[in-house]
> 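Mind looking over this structure? Questions follow.
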Amino acid sequence: MAKTGNRADNGETVNEATERRTTNIGRRAVLTGGAVAAAIAAAAALSAAGAAAQPMHDQGAAREFAGKSVFITGGARGIGLATAKVFAAAGADIALFDVATPNLAHVQYPLASDQDLELARSTVEALGVRCLSFKGDVRDYDAQRRAMETVAERFGSLDVVVVNAGISQIGRMEEFSSEEISTVFEINVSGAVKTTQAAVSIMQPQNSGRIVYISSALGRMGNELFPVYTSTKWALIGIAKSAALSYGRSNILCNVVAPGLADTPLANNPVVLGRMMPNVENPTFQMVSEMLEPGNPIPVGHVEPEDVAHAVKFFASEGTSKVTGEVFDVSYGSLARSIA
Ligand SMILES: NC(=O)c1ccc[n+]([C@@H]2O[C@H](COP(=O)([O-])OP(=O)(O)OC[C@H]3O[C@@H](n4cnc5c(N)ncnc54)[C@H](O)[C@@H]3O)[C@@H](O)[C@H]2O)c1
């Protein structure tokens, strides 16, 4: 089990210094919408006074999440980081919680590193919002609870939790060791339950919150090459629907985004690519995407992490304030042939 919590202090110390430099309202106001790319490049040169003098135009819908906080497990890279950037561009303060341990026992490929987590934090901050980073494992309830308490104290509330951290595991059913089976269930399933428990312990007293779970298209079907992973992603939908029933009267809405193949290190790594195209030497992610594409109703074989991020934001927005217990597929129509 990875160490937990001990990077929160470091992260906050760095953040405190950065917060003083970055949290003036004027600067946040200009770092929105189409201005984001240009603003990142110019950010280092902006003085506080200069930023405050920037025009306040171009806010509108892009500021939808100003004053809100978003806590993302597995936020150091991939879908988690893309989600952080989409919410930050809409004005939200962000917290990234990630195990940041490349060689986690019984995981087939490297997870994010400390450097990934630090880079993610500074990338989000460059969008003009506050960002806290926490090194911790979703298998640890206490670490998540402490991190979420810190977020609520520092940002004023815990508004959105994205239950995103997860690992993939490829192979035929009979190949997995007991430790591998336990690890994928402990992270993807028990971890998601513990994230939910920590989130509702803070959201219930607030009487508000949104929880968005990242399942998978493989959480809607069987798959010979991902038999255990698939079952963990089915389980996630059960957790989300049960949470929707349990916490609806506390004004906490719980929904699921189910992505198809996404271009992140979880899928784009030699172990997964090699097993998906066993007869090809050094297969690439693009080859796998092109292999899958003809079976889909639209000519697309994978999604980008940002495609998933926008669906997550949808479930956190005002427009879905009467939606809970639902699943939104972001999978290029691959599920159009499934039963409802
Ligand atoms: N990439 C895909 O094709 C795809 C498709 C469908 C669903 N998903 C799901 O999307 C989610 C995000 O995956 P991704 O594709 O961005 O992968 P990724 O590997 O790029 O990112 C996952 C992040 O989670 C972190 N993490 C892993 N175990 C953790 C733990 N125990 N505690 C805390 N953090 C942990 C990793 O360090 C990493 O930063 C996962 O739940 C995954 O199952 C991915």
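Read the numbers this way: they start at 1 and go in the same order the structure lists the ligands and their atoms.
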> Can you get from Val189 to Val327 by hopping between Ile, Leu, Val, Met, Phe, Trp and Tyr side chains that sit under 4.5 Å apart?
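Val189 clusters together with Val327.
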> Tell me every residue that passes side chain to side chain donor-acceptor pair (under 3.5 Å) with Asp159, counting only those two or more places apart in sequence or in another chain.
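With sequence neighbours excluded, Asp159 shows a side chain to side chain donor-acceptor pair (under 3.5 Å) to Ser157, given in chain and number order.
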> Examine distances only and state if a side-chain atom of Thr101 and a backbone atom of Val99 form a donor-acceptor pair shorter than 3.5 Å.
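Judged by distance alone, yes, a pair lies under 3.5 Å.
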> Going only through I, L, V, M, F, W and Y residues with side-chain contacts under 4.5 Å, is there a path from Leu245 to Leu253?
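No: no chain of side-chain contacts under 4.5 Å links Leu245 to Leu253.
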> State which residues pass ring-ring contact (aromatic ring centres under 6.0 Å, His included) with Tyr229; sequence neighbours excluded, sorted by chain then number.
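Testing Tyr229 for ring-ring contact (aromatic ring centres under 6.0 Å, His included), a comparison that skips the adjacent residues, returns Phe226.
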> Show me, by chain and number, every protein residue that has a heavy-atom distance under 4.0 Å to ligand 1.
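Contacts of ligand 1 under 4.0 Å: Gly74, Ala76, Arg77, Gly78, Ile79, Asp98, Val99, Leu111, Ala112, Gly136, Asp137, Val138, Asn164, Ala165, Gly166, Ile167, Ile187, Ile214, Ser215, Ser216, Tyr229, Lys233, Pro259, Gly260, Leu261, Ala262, Thr264, Pro265, Leu266, Ala267.
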> In a table with atom names and distances, give each donor-acceptor pair under 3.5 Å that connects a side chain of residues 266-277 to protein atoms at least two apart or in another chain.
unit_1, atom_1, unit_2, atom_2, d
Asn268, ND2, Asp263, OD1, 3.0
Asn269, OD1, Val271, N, 3.0
Asn269, OD1, Val272, N, 3.0
Asn269, ND2, Pro265, O, 2.8
Asn269, ND2, Leu266, O, 3.0
Arg275, NH1, Glu175, OE1, 3.0
Arg275, NH2, Glu175, OE1, 3.3
Arg275, NH2, Glu175, OE2, 3.2

